[in-house]
*Asks:* 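Structure in structure tokens, see below.
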Amino acid sequence: MANHLYDALFARHETSDHAFLHLPDDTVLTHRSFAQITAALAGMLAALGIRPGDRVAAQVEKSPTSLALYAACLRVGAVFLPLNIAYTDHEVAFFLKDCAASVLFCDPSRADQLRQGLSGSTLKILTMAPDGTGDWQTAGDPQTRITDRTGDDLAAILYTSGTTGRPKGAMLSHDNLLSNARTLVNLWGFSDADTLLHALPVYHSHGLFVACNVSILAGAQMIYLQKFDPDHVINALPRSTVMMGVPTFYTRLLACDGFDREVSQSMRLFISGSAPLLAQTHEAFEALTGHRILERYGLTETSMNTSNPLTGPRKSGTVGLPLPGVDVRIETTDNETTGEIEVKGPNVFKGYWGLKDKTAEAFTEDGYFRTGDLGEIDEDGYITIVGRSKDLIISGGLNIYPKEIETIIDAQPDVYESAVIGLPDPDFGERVIAMIVEAPGHTLDQGALSKVLAQSLAKFKLPKEMITVSGLPRNAMGKVMKKDLRDIASQQKLTSPP
Ligand code: AMP
């Protein structure tokens, strides 16, 4: 037997003295040194009595040691549960209880409070500081044994952000993760000649499974930044060949004086995902750097599903073509071109932890995962996401896709960006509201905008109110928090367009 994911990602590099992680203090960690940290962590997990299948939670800062904890969990056959550092004690307690975790790694500053809050449970709490030190170092001797695991065994549980209802633990198997990483290495041309600029958080599928798994599988190096800071990114770009980012990375880089064609000269690829990349960002980025950002699309439950090609047209506003081996279809109803995106393939997760009914609801009868995203497909097979099904506005019984309205508003010179939401309405069920961020130095001409909208859209789709806001609330992955916008809009005194 063997360990499906650990062998492919980590075991084969264990005795290599090649550089693996370039750290902010200019030190370089080799694969061999990383494997030693992994062995120390694996020994500690074994000493704690962690057995294959046990859940190991981590709410710690991004560091080489926290990445080694992921490797150590795979090595001993445990299921890794990374948690956003921003979660409150109350939220953390929910996740730990929900999946009956055996151990939690936390930042030393949080330990006392968490221990108090969780007293009475059998859970063990250990500390891990951003520099990798902590009381985890007191237990066990390094362990080099690798536990057998098949492709079907669980590697990780990632909780979905839970924007509707309670968060659900998506169970991802060794093969879910490895099959996707293999596909992406080939599709994006990754090799050991690459250096990935890593500025994403690693509690999310994007930073951990897309960025790290793909780089490690290809034998690439990573410039491992603690977080996204435009100055640090600009400083590291000349030593990098690929960057993966959320759209906010790209808009923030474009706003920096030091970002230009010269600093991106060594780059062969910029990739974007997790939220929609505005066409204007795409164009401005290409004009400045000569690079066309490659946009791709995925979810916690499926890892990546579609991507624009490495060679061949990268169509802005689209998320590209289905990945090889991944079956993507759009379930339309009669006479509609828009429908829910459904996915089937080795990348699709095993279900939600402890939620048989929710899992069953998430799949069609013929085994496709319902993504909850609404999409369209063009004549070349490229997919465009037009919104989330839960964002769909139904006004007077008619379907309204916010993205259709946002695209028109965003194209106006006095608009930087917009988000269209629905608010409850006694007559229509829901009414359309546009939240608009003005372009720098511009004042929105609501009258002119209303005219443009009226020329392009059926009357029932026209916003009933427009509200200018200083910015759109986004989470760490760059997603616009429409729920927060609905709260803001319902509290504001709304101004009607003339
Ligand atoms: P998460 O599970 O946190 O990774 O969020 C997945 C959701 O992010 C998807 O269901 C999409 O709504 C959204 N998403 C991911 N990539 C893109 C993209 N390239 N364009 C638009 N939305 C995206």
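First listed ligand is number 1; within each ligand, the first listed atom is number 1.
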*Asks:* May I ask you to say whether E331 pairs ionically with R329, meaning some side-chain N is under 4.0 Å from a carboxylate O?
*Replies:*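 Salt bridge present between E331 and R329.
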
*Asks:* Could you list the donor-acceptor pairs under 3.5 angstrom formed between side-chain atoms of residues 197-208 and any protein atom two or more places apart in sequence or on another chain?
*Replies:*
from, atom 1, to, atom 2, distance (Å)
H198, ND1, K62, NZ, 2.8
H198, NE2, G207, O, 2.8
H204, ND1, H206, N, 3.1
H206, ND1, S274, OG, 3.0

*Asks:* Does any N/O atom on D373 come nearer than 3.5 Å to any N/O atom on ligand 1?
*Replies:*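 D373 vs ligand 1: N/O contact under 3.5 Å present.
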
*Asks:* For the pair R431 and E465, find out whether any cationic side-chain nitrogen is under 4.0 Å from an anionic carboxylate oxygen.
*Replies:*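 Salt bridge between R431 and E465, a charged N being under 4.0 Å from a carboxylate O: yes.
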
*Asks:* Are any of the N or O atoms of E301 closer than 3.5 Å to those of ligand 1?
*Replies:*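 No - when backbone and side-chain N and O of E301 are compared with those of ligand 1, no distance drops under 3.5 Å.
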
*Asks:* Going by the order shown, which atoms of ligand 1 are within less than 4.0 Å of some heavy atom of E295?
*Replies:*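 By the 4.0 Å cutoff, the relevant atoms are 18 (C), 19 (N), 20 (N).
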
*Asks:* What do we get for T300 next to ligand 1 when only non-hydrogen atoms under 4.0 Å count, side chain, backbone, both or neither?
*Replies:*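 It is both backbone and side chain that touch ligand 1.
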
*Asks:* Identify which one of R182, H4, K350 satisfies the side chain to side chain donor-acceptor pair (under 3.5 Å) criterion when paired with D175.
*Replies:*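 That would be H4.
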
*Asks:* Please work out whether any backbone atom (N, CA, C, O) or any side-chain heavy atom from C-beta onward of A275 is under 4.0 Å from ligand 1, and answer side chain, backbone, both or neither.
*Replies:*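 Backbone only.
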
*Asks:* Is S205 close enough to touch ligand 1? Criterion: a residue heavy atom under 4.0 Å from a ligand atom.
*Replies:*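 False for this residue.
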
*Asks:* Closer than 4.0 Å to some heavy atom of G298 - which atoms of ligand 1 meet that?
*Replies:*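 Numbered from 1, ligand 1 contributes 6 (C), 9 (C), 15 (C), 16 (N).
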
*Asks:* For R388, counting its heavy atoms only, list the atoms of ligand 1 lying under 4.0 Å from any of them.
*Replies:*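 Answer, ordered by atom number: 10 (O), 12 (O).
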
*Asks:* Give the atom numbers and elements of ligand 1 that come within less than 4.0 Å of a heavy atom of V319.
*Replies:*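 Answer, ordered by atom number: 18 (C), 19 (N), 20 (N).
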
*Asks:* For ligand 1, note which part of H206 has a heavy atom under 4.0 Å away: side chain, backbone, both or neither.
*Replies:*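 Under 4.0 Å from ligand 1, H206 contributes no heavy atoms.
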
*Asks:* Against heavy atoms of P276, which atoms of ligand 1 measure under 4.0 Å?
*Replies:*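 By the 4.0 Å cutoff, the relevant atoms are 20 (N), 21 (C), 22 (N).
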
*Asks:* Taking N308 for the side chain and E295 for the main chain, is one N or O donor matched with an acceptor at less than 3.5 Å?
*Replies:*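 Yes, the answer is positive, given that a donor and an acceptor are paired below the 3.5 Å cut-off.
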
*Asks:* Can the positive tip of K168 be found less than 6.0 Å from the middle of the six-membered ring of Y352, inside 45° of the ring normal?
*Replies:*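 Because its charged atom sits under 6.0 Å from the ring centre and within 45° of the axis, K168 does stack over Y352.
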
*Asks:* Quick one: does H204 get a heavy atom under 4.0 Å from ligand 1?
*Replies:*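 Yes.
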
*Asks:* Using a 4.0 Å cutoff against the non-hydrogen atoms of R296, which atoms of ligand 1 qualify?
*Replies:*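 Those qualifying, in numeric order: 16 (N), 18 (C), 19 (N).
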
*Asks:* Report the residue from L5, L74, L217, N3 that forms a side chain to side chain contact (heavy atoms under 4.5 Å, CB included) with F10.
*Replies:*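 It is L74, the one option of L5, L74, L217, N3 that forms the side chain to side chain contact (heavy atoms under 4.5 Å, CB included) with F10.
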
*Asks:* For R268, enumerate each residue passing the side chain to side chain contact (heavy atoms under 4.5 Å, CB included) test, keeping only those at least two apart in sequence or located in another chain.
*Replies:*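 For R268 the side chain to side chain contact (heavy atoms under 4.5 Å, CB included) partners, ignoring immediate neighbours, are F190, D194, T241, V242, L310.
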
*Asks:* Quick one: does M477 get a heavy atom under 4.0 Å from ligand 1?
*Replies:*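 Under 4.0 Å: no for M477.
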
*Asks:* With distance as the sole criterion, is a donor-acceptor pair present between the side chains of N347 and T302 under 3.5 Å?
*Replies:*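 Checked: N347/T302 side chains show no N/O donor-acceptor pair below 3.5 Å.
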
